[in-house]
**Q** 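I am attaching a structure below and will ask some questions about it afterwards.
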Amino acid sequence: MTNWDVALMAMVAVSALGFLLADGERRRVRYIQAMRRCLLRMNDIIRYEQPPLCELLERVELRATQQERELTGLLHASAARMKNSVNPQLMLLFAGESAKLPGYGVLAEEDRSAFENVLGELGRTGLREQLRLLGEADERLRAREEILRREADRRAQLLRTLGLTGGAAVFLLLI
């Protein structure tokens, strides 16, 4: 293997690392989007079927993205724990389950609060109040998604540029 080959491989590796890190910046946005889809699905189920809280959590089935699958799993695990609890408090059960999932940890407290706070209120109030709470939480998440999307796009562009620049620098150092 010649110096040119090694330099070229190092350049590609460093550049690819920049693109990989840039993709990671979008994870928070994808989690917010998954939370919004969960809230919209809950809204539909509550509005048209009005099931008990455990059944509501079990009926949320979102599978399009990894984040949706993870949130669905958290809701199902929370429902299972709720059935076996003497004094079930959904928000605490969900927080306990989400602590086990490392991917959920990419979210800041500010990102999680709208979703988790509405979980604490589900099943405690009337139909109209629950639908209002879901709508307000969705609006807060939508605003948060827009902010994160702009920030993530800027950071991702910077990381891609740094990866390409770093790859070129490594190439020049190794030849």
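The structure displayed is predicted, hence computed values, not measured ones.
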**Q** So do Val118 and Gln130 actually touch side chain to side chain, heavy atoms under 4.5 Å?
**A**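 With C-beta onward as the side chain, the pair stays apart.
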**Q** For Arg132, is there an ion pair with Glu129 - N to carboxylate O distance below 4.0 angstrom?
**A** yes
**Q** State, with a plain yes or no, whether a side-chain heavy atom of Arg26 is found less than 4.5 Å away from one of Arg149.
**A**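 Arg26 vs Arg149: side chains touch.
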**Q** In chain order, what residues pass the side chain to side chain donor-acceptor pair (under 3.5 Å) check against Arg150, with sequence neighbours excluded?
**A** none
**Q** Going only through I, L, V, M, F, W and Y residues with side-chain contacts under 4.5 Å, is there a path from Leu92 to Leu119?
**A** no
**Q** Among Leu75, Asn43, Asp138, which residue meets the side chain to side chain contact (heavy atoms under 4.5 Å, CB included) test with Cys38?
**A** Leu75
**Q** Between Leu134 and Tyr48, is there a shared hydrophobic cluster once you connect ILVMFWY residues whose side-chain heavy atoms come closer than 4.5 Å?
**A** no
**Q** Could you tell me if the side chain of Arg59 sits less than 4.5 Å from the side chain of Glu49, heavy atoms only?
**A**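 Yes; the side chains approach each other to less than 4.5 Å.
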**Q** Got more than 12 heavy atoms from elsewhere within 6.0 Å of CZ, Arg63?
**A** yes
**Q** Do Met9 and Val12 come within less than 4.5 Å of each other through their side chains, counting heavy atoms only?
**A**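 With C-beta onward as the side chain, the pair stays apart.
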**Q** With clusters defined by side-chain heavy atoms of hydrophobic residues (ILVMFWY) lying less than 4.5 Å apart, directly or transitively, does Ile45 cluster with Leu90?
**A**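 Linked within one cluster.
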**Q** Under the criterion side-chain contact (heavy atoms from CB on, under 4.5 Å), I'd like the reasoning laid out for His76 against Glu61: C-alpha separation, chi angles, the key distance, then a yes or no.
**A** CA-CA 9 Å; His76 290 183; Glu61 284 288 334; 2.6 Å; yes
**Q** Between Gln33, Arg144, Gln67, which is the residue that forms a side chain to side chain contact (heavy atoms under 4.5 Å, CB included) with Arg28?
**A** Arg144
**Q** Salt bridge check: are Glu151 and Arg154 linked by an N-O gap of less than 4.0 Å?
**A** no
**Q** In terms of hydrophobic clusters joined by side-chain contacts under 4.5 Å, are Leu141 and Leu40 together?
**A** no
